[in-house]
Amino acid sequence: MVATAHHVCMLVPVHHGFGGTHRPDGLAGIPPLAELHNGLIELLGLQDVTVIGNSIGGWITAEIALPQSPAAC
């Protein structure tokens, strides 16, 4: 209901190496995946984002929320 009451944009990326996608050799571990998602946030010029993850996505979300992250609140 909140999404219908407010203007929101939702992105649901598939992590490289999941869902049948190719995982580049250099993309091993959670911090590089978090950096990749941070790069997407920056590339799209997004601000005031809410990042939600489940399972491994929750771990990636925690990495994104670290204080040195440009997307951290």
Side-chain angles (χ1 to χ4, degrees):
M1 291 304 205
V2 173
T4 59
H6 302 281
H7 174 74
V8 297
C9 176
M10 184 180 350
L11 301 174
V12 185
V14 174
H15 309 302
H16 287 63
F18 294 84
T21 61
H22 172 73
R23 180 179 55 89
D25 291 336
L27 192 60
I30 300 304
L33 282 168
E35 289 176 23
L36 184 69
H37 290 295
N38 269 335
L40 177 62
I41 290 168
E42 289 178 25
L43 179 69
L44 296 175
L46 301 176
Q47 297 179 354
D48 192 27
V49 299
T50 300
V51 181
I52 300 171
N54 182 51
S55 190
I56 196 168
W59 190 359
I60 294 168
T61 300
E63 288 285 333
I64 290 171
L66 291 172
Q68 70 268 17
S69 170
C73 20

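All residue numbers in this chain count up from 1 along the given sequence.
With sequence neighbours excluded, the residues satisfying side-chain contact (heavy atoms from CB on, under 4.5 Å) with Leu36 are His16, Leu27.
With respect to Val51, the side-chain contact (heavy atoms from CB on, under 4.5 Å) criterion is satisfied by exactly one of Thr61, Asn38, Leu11: Thr61.
Taking Ile, Leu, Val, Met, Phe, Trp and Tyr as hydrophobic and joining them when side-chain heavy atoms fall under 4.5 Å apart, one finds Met10 in a cluster with Val12.
Residues Ile30 and Ile56 have side chains in contact (heavy-atom distance under 4.5 Å, counting atoms from C-beta outward).
Residues in residues 35-62 take part in these ring pair (Phe, Tyr, Trp, His ring centres under 6.0 Å) pairs, two or more places apart or across chains: His15-His37.
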